[in-house]
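Count residues from 1 along the sequence.
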Amino acid sequence: MNDNINVKSQLKISIPIAFESLINILMTFVDTLVISLVGTTELAALGAMSVVINLMQMGIQTINISTNTLVAKSLGEKDYNKASLLIGNSIILTLIISIITIIIVFITQPIFPPLFKVDIIANTYLIIRLIGFIQSSLITVLSGYNRTIGKQKNILHLRIFALITNLILDIIAVKLNYGIIGVALVTIFIDTLLSIYLCIYTKNNIKLKFVNSYFNDIIKLFKWNFIERIASKLDNFIFNLIVARIGNLEYAVHVILIQISNIYNSFIQGFGDGITISVGIATGNNNKNFMIKVKKVAKKIINYASIILPIIVLIISIIVMHISLNNIQMKNIFFSVLPIFIIDAFITMYATYYFSILRGYREFNFLAKRNMVSSIIKILIATILSFTSLGIIGVWIGYLVYGLIQFLLSKKRYNIICK
């Protein structure tokens with residue numbers, strides 16, 4: 001990257017990453033839509049286990065973000081050998097965390113169906129997914145590394161292939177009456193193919209050699225980034241429990257809303273990752289004018305995206321509702337939450353400017369504390385309001401308050417470090 005960054009050059013980084021992140025989450029969304037055609041029991045089971053799988057992936061996503069910020073800085077320093085060693089040490093940590101996660105989830109899996117009040121088939125789905133967890137983890141870390149070193153389009157094309165293949169095989173699995181088990185098998189089949197391809201594709205850019213200082217650098221960022229993520233993942237876990245106890249119809253609607261939310265949040269996260277990479281590189285080359293340009297360009301892009309994204313989310317939400325919710329009562333519940341849902345999308349997109357820059361500065365300590373505070377408030381508000389006549393609407397008000405608090409705290413921190 002040179003110092004002549006502008007809107008076009010930043011979009012060349014952010015757009016492929018955003019769409020790649022979007023397609024990644026669409027893999028899960030496709031599974032949800034296909035299973036929604038099978039039955040409500042299977043949909044609830046898939047929704048509950050998706051929450052567990054999101055928790056499982058938290059550690060790997062944390063490694064990914066922590067490594068990418070360090071790699072971006074090394075690219076700014078033009079130290080390409082360091083970048084190769086960083087990803088090598090990241091893979092070592094990924095394998096360790098993946099094995100620990102599989103063991104913990106396998107031991108605890110009997111408690112999940114009664115906890116979420118879903119069918120026992122949920123555990124069958126989860127155990128099958130455990131078989132492909134290491135492959136999935138490698139995909140996350142290797143994709144993130146390739147995005148950071150400038151191979152965003154290659155990874156985007158790979159994700160598009162995976163999405164189309166997943167959709168076709170899911171439909172075949174359901175048509176052959178394999179149901180939720182078939183969908184799980186399709187997922188691990190595709191993850192295995194992608195992980196093998198990425199290992200071969202990236203092997204020349206990886207130095208799989210343990211370097212204590214680089215490993216410790218990743219661990220230092222991992223610690224705070226993990227706390228940041230665990231706060232948001234745990235409160236989503238609790239939210240699913242809250243809604244599951246409000247009623248089956250509300251929970252089915254909540255599963256769909258969460259899937260749509262995951263889609264636009266994934267897109268926003270990917271979009272922000274592109275900005276984070278630019279900021280990380282700017283911190284590495286220590287060019288003040290370049291950093292100023294990066295921020296100005298990012299601000300302009302985010303301002304436009306904050307207007308466009310909520311409109312797109314609204315259109316997608318209505319389309320998905322008509323496809324997956326055929327019960328008039330469920331549609332009414334969906335429409336009652338929709339205004340809050342759209343406002344939340346706007347706040348999240350607008351606040352991404354501050355989130356992305358803080359990550360580029362590696363402010364994971366602050367981000368962790370911010371998430372802890374906002375998550376506690378979110379859970380308290382959602383729990384209290386869920387017992388009122390607001391029900392599921394009260395739960396989503398908790399989401400809205402959460403987004404506002406994160407935005408305000410992040411803006412305040414940004415103003416302090418960017419004087």
Side-chain angles (χ1 to χ4, degrees), residues 20-21 24-25 27-28 49-50 52-74 80-109 126-149 151 154-155 158-159 162 184-185 187-230 233 273 364:
E20 191 250 310
S21 299
N24 185 34
I25 202 70
M27 295 278 286
T28 302
M49 291 308 98
S50 293
V52 176
I53 291 168
N54 282 337
L55 279 173
M56 290 168 56
Q57 293 171 336
M58 177 180 59
I60 307 305
Q61 291 165 349
T62 301
I63 296 170
N64 181 39
I65 295 296
S66 302
T67 304
N68 291 345
T69 55
L70 292 169
V71 169
K73 184 174 182 293
S74 69
Y80 305 112
N81 182 61
K82 182 178 178 180
S84 297
L85 287 167
L86 279 167
I87 185 60
N89 281 264
S90 178
I91 290 172
I92 294 170
L93 182 59
T94 296
L95 293 174
I96 294 170
I97 297 296
S98 295
I99 293 169
I100 293 172
T101 301
I102 290 169
I103 293 170
I104 292 173
V105 174
F106 184 77
I107 292 171
T108 59
Q109 50 89 17
L126 182 61
I127 290 170
I128 294 172
R129 289 295 303 272
L130 286 179
I131 298 170
F133 185 67
I134 290 178
Q135 300 94 302
S136 173
S137 299
L138 288 172
I139 292 169
T140 299
V141 173
L142 292 175
S143 295
Y145 176 69
N146 278 284
R147 290 197 302 261
T148 305
I149 63 175
K151 297 183 178 180
N154 305 64
I155 302 302
L158 186 65
R159 292 291 190 182
L185 290 171
T187 300
I188 65 169
F189 171 72
I190 293 174
D191 283 347
T192 301
L193 287 181
L194 262 60
S195 62
I196 292 171
Y197 173 81
L198 281 170
C199 286
I200 297 171
Y201 178 73
T202 318
K203 66 178 182 179
N204 293 330
N205 293 315
I206 298 175
K207 292 187 177 178
L208 203 62
K209 176 184 176 182
F210 179 78
V211 179
N212 188 56
S213 59
Y214 294 163
F215 192 84
N216 286 337
D217 285 343
I218 298 171
I219 290 292
K220 286 175 185 176
L221 294 185
F222 174 87
K223 177 180 65 177
W224 289 110
N225 198 1
F226 185 79
I227 294 172
E228 176 197 352
R229 287 177 175 274
I230 197 170
K233 296 292 184 182
D273 284 349
F364 294 124

Ignoring hydrogens and angles, tell me if any N or O in the side chain of [X] forms a donor-acceptor pair with the backbone of [Y] under 3.5 Å.
{"X": "S143", "Y": "T140", "result": "no"}
{"X": "T67", "Y": "I63", "result": "yes"}
{"X": "S90", "Y": "L86", "result": "no"}
{"X": "S136", "Y": "F133", "result": "no"}

Within the structure provided, determine whether [X] and [Y] are in side-chain contact (heavy-atom separation under 4.5 Å).
{"X": "L198", "Y": "L158", "value": "yes"}
{"X": "K151", "Y": "N205", "value": "yes"}
{"X": "I206", "Y": "K203", "value": "no"}
{"X": "N89", "Y": "L93", "value": "no"}
{"X": "I139", "Y": "R159", "value": "yes"}

Of the options I103, V105, I104, which is the one that meets T101 in a side chain to side chain contact (heavy atoms under 4.5 Å, CB included)?
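Among the candidates, only V105 passes.
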
Can you name the nearest heavy-atom pair linking [X] to [Y], along with the distance?
{"X": "I92", "Y": "K209", "value": "CD1-C, 4.5 Å"}
{"X": "A162", "Y": "L194", "value": "CB-CD2, 3.7 Å"}
{"X": "I102", "Y": "L130", "value": "CD1-O, 3.9 Å"}

Could you tell me if Y201 and N154 have a donor-acceptor pair between their side chains, going purely by distance under 3.5 Å?
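Yes, Y201 and N154 have a side-chain donor paired with an acceptor closer than 3.5 Å.
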
